[in-house]
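First up is the structure itself, then whatever we jot down about it.
Proteins come first, then strands; the chains are lettered A, B, ... in the order of their sequence lines, and each starts at number 1. For the numbers below, each heavy atom of this structure counts, side chains included, while hydrogens, waters and symmetry mates do not.
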Amino acid sequence: MEKPKEKDNRLEVWIAILIALVSLTTALATWRTASLGSKAGDLIYQGLLNAVKRQAAANEDWRRAYEEAGYARDYLVNLDGLIVQENSTDSASQEHAAQLRTYLLPGMESLATPLGKDPSYLTPEGWLNVQKRFDELEAQSSDLSSLDPLASFSQADTYYAEQRWLVLGTILITVSLFWLGLSQLSHLRSRILILVLGVFVYGIGLVWSLGVEFVFFILRGGVL
Amino acid sequence: MNKSDISNPERGKTLVLVLTLLNTVLIAAVSALQVDATIRANQANRDSQYYAVQFTGSLIQTGARSDYDLNTYSMLLTNTQEALVAEYTAMQRQNANDQQGFEALTLESQIYQARADRAGSLSFLMTDPAYAPASDQVLPNITAYLSDLNSYSLELVQKQNDASDAYHRWNNKSDSYVAVLTMLAIAFFLLGVAQMVQPSVRLLFSSFAIGVISIGILWTLILLVF
């Protein structure tokens with residue numbers, strides 16, 4: 001029959017091996033939890049950069065759209081005055097109008113294109129459709145305007161959500177490490193009870209962590 | 001060493017064990033709360049910065065738009081006044097029997113009026129029913145126009161401020177949770193010492209640990225409620 005002292009020594013070795021295994025799992029779970037926060041932070045950083053780039057492009061497009069609208073307005077206003085001048089009975093005024101049409105108007109017209117030349121840019125109310133021109137400019141700079149910071153933020157949120165759940169698993173594993181350590185220091189009778197408790201908590205923590213990892217792996221479409 | 005210490009050296013160890021278990025559970029819970037607060041602070045910080053970027057864009061857009069709209073309206077006013085002045089002067093030349101002057105100024109008035117008509121049709125302030133004047137005698141509703149123009153920017157500022165406040169609130173909570181965790185770590189130390197010393201001193205260390213744990217619990221509850 002095995003002596004209690006030998007039995008105790010053998011149990012101590014097994015507990016030590018368990019402690020090493022749980023310590024390794026704790027380190028791995030802590031690393032994964034921290035790396036999830038880091039991934040989320042990177043995505044937020046990327047999203048904010050994209051937001052700034054996209055907004056800068058939109059700002060430039062709005063500036064250009066209203067600048068072109070200003071040119072178009074000046075052209076159309078001058079053109080209507082010129083038409084009255086051309087239709088007058090005064091020959092001097094007609095000649096003046098002809099000179100303006102030859103030398104002034106082409107330059108104004110080139111600046112006013114397309115808003116001042118294409119009737120499709122006039123709204124039913126009569127004003128220039130600057131929004132339409134802005135949309136066209138945005139389409140032209142699609143490499144910047146198509147940047148989607150909200151997609152990065154949404155992806156960051158999934159990493160944060162996973163981090164939240166994984167923290168619970170990490171805590172359970174850490175708690176089990178504490179109990180295993182305590183069992184190593186305790187006497188034989190209470191040692192087994194504490195050891196069982198530690199192994200049980202570790203099992204729950206491990207299953208929880210792996211489950212969380214699996215669920216979010218599926219939710220992100222196969223991305224870790 | 002007193003007699004009871006010698007007769008029962010394990011006295012109070014169960015209490016220390018229970019306290020250690022309680023402290024472990026508390027640390028686990030506060031750690032989870034701390035991570036949650038940090039995540040919320042990060043998200044609010046992100047939202048705050050995103051709204052700030054959008055706000056600058058909104059300001060630039062409204063600036064460009066109001067510049068265009070008010071310049072168009074100003075063009076309408078200038079040409080209308082020029083047309084009126086030319087028309088009055090033409091009438092004066094007619095009264096002075098200056099037919100050539102009358103015809104030249106009448107033409108000038110017609111040119112300005114044509115320009116004014118076009119500026120009026122292009123003016124958002126004169127064509128949009130929300131701001132257009134009901135008659136020629138009144139001005140467009142510029143106050144309503146400016147109010148509507150800036151409403152989106154103001155909305156963004158409000159969102160940005162709210163997000164910024166949320167960031168500070170959660171960040172402060174996160175910092176406080178770290179302080180609570182530090183206190184609970186001290187409680188761990190006290191319980192460890194209590195486990196090692198003589199039974200008579202064990203109770204003293206345990207009561208110190210109970211005090212520290214109580215403060216930690218109270219602080220956590222305050223953070224959860226407020």
Side-chain angles (χ1 to χ4, degrees), chain A residues 33 37 40-41 44 47-48 51-52 54-56 58-59 62-63 65-67 69-70 72-74 76-85 88-90 92-93 122-123 125-128 130 134 149-150 153 156-157 160-161 163-164 167-168 170-172 174-175 178-179 182 185-186 190 194, chain B residues 10 17 20-21 24-25 27-29 31-32 34-36 38-40 42-43 45-47 49-50 53-54 56-65 67-69 71-72 75-76 79 103-104 107-108 110-124 126-129 132 188 195:
Chain A
T33 310
I44 286 178
L48 285 173
V52 171
R54 200 177 84 161
Q55 194 59 61
N59 292 349
W62 276 120
R63 188 202 63 75
Y66 276 106
E67 184 185 56
R73 174 198 60 207
D74 293 348
L76 291 169
V77 166
N78 275 295
L79 181 66
D80 279 16
L82 192 69
I83 289 168
V84 172
Q85 215 172 343
S88 75
T89 50
D90 182 43
S93 190
L122 283 174
T123 62
E125 292 85 1
W127 31 271
L128 293 169
V130 185
F134 170 76
L150 293 177
F153 295 160
D157 284 344
Y160 274 144
Q163 192 189 22
R164 269 196 186 102
V167 160
L168 294 180
T170 309
I171 287 167
L172 286 172
T174 313
V175 169
F178 162 76
W179 285 111
L182 202 64
L185 300 169
S186 306
S190 58
I194 295 171
Chain B
E10 298 292 306
L17 199 68
T20 310
L21 174 63
T24 311
V25 173
I27 284 189
S31 299
Q34 196 272 332
V35 169
D36 181 64
T38 306
I39 289 172
R40 284 175 194 268
N42 287 341
Q43 285 173 326
N45 190 23
R46 170 198 73 190
D47 290 346
Q49 292 179 61
Y50 182 59
V53 170
Q54 283 195 311
T56 57
S58 175
L59 279 186
I60 286 170
Q61 188 202 341
T62 52
R65 184 176 171 179
D67 183 54
Y68 170 78
D69 285 340
N71 271 336
T72 307
M75 200 173 258
L76 160 71
N79 281 290
E103 284 173 6
L107 176 62
E108 199 175 319
Q110 287 168 348
I111 291 167
Y112 279 123
Q113 192 52 55
R115 289 161 62 108
D117 289 346
R118 174 57 89 152
S121 74
L122 290 172
S123 172
F124 186 67
M126 297 299 286
T127 49
D128 191 293
F188 252 143
Q195 192 78 328

Treating [X] as the side-chain partner and [Y] as the backbone partner, does any N or O pair qualify as donor plus acceptor under 3.5 Å?
X: B:Asp36; Y: B:Ala32; value: no
X: B:Ser123; Y: B:Ala119; value: no
X: B:Thr72; Y: B:Tyr68; value: yes

So which part of [X] gets closer than 4.5 Å to some heavy atom of chain A, the side chain, the backbone, both or neither?
X: B:Thr38; result: neither
X: B:Val53; result: both
X: B:Met75; result: side chain
X: B:Leu21; result: both

ask   = Is the charged tip of B:Arg65 near the ring of B:Phe124: under 6.0 Å from the six-membered ring centre and within 45° of its axis?
value =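 The answer is yes, since B:Arg65 meets both limits relative to B:Phe124.
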
query = Are B:Asn42 and B:Arg46 side-chain neighbours, meaning at least one heavy-atom pair lies under 4.5 Å?
reply =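 Answer no - side chains too far apart.
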
Could you check which of [options] has the highest count of heavy-atom pairs closer than 4.5 Å to chain B?
options: A:Glu67, A:Arg73, A:Gln85, A:Arg54; answer: A:Arg73
options: A:Asn78, A:Leu76, A:Leu122, A:Thr123; answer: A:Leu76
options: A:Val130, A:Ile194, A:Leu128; answer: A:Leu128
options: A:Asp157, A:Leu182, A:Val175, A:Asp90; answer: A:Asp157
options: A:Val52, A:Leu172, A:Val84, A:Val77; answer: A:Val77

ask   = Which residue out of B:Ile39, B:Ile60, B:Thr127 racks up the most heavy-atom pairs below 4.5 Å with chain A?
value =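 Winner by heavy-atom pair count: B:Ile39.
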
query = Which atoms of A:Leu79 come close to chain B, meaning under 4.5 Å heavy atom to heavy atom: side chain ones, backbone ones, both, or neither?
reply =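 Interface part for A:Leu79: neither.
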
request  = Please look at A:Phe178 and chain B and tell me whether the side chain, the backbone, both or neither of the residue comes under 4.5 angstrom of a heavy atom of that chain.
outcome  =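 Interface part for A:Phe178: side chain.
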
inquiry  = Is it true that B:Gln43 and B:Asp47 share a donor-acceptor pair across their side chains at a distance under 3.5 Å?
reply    =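 Short answer, no.
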
request  = Compare every heavy atom of A:Phe134 with every heavy atom of A:Ala58, then report the nearest pair and how far apart it is.
outcome  =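 That would be O-CE1, 3.5 Å.
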
Residues A:Asp74 and B:Arg118 bridged, charged N to O under 4.0 Å =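 The answer is no: the pair does not qualify as a salt bridge.
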
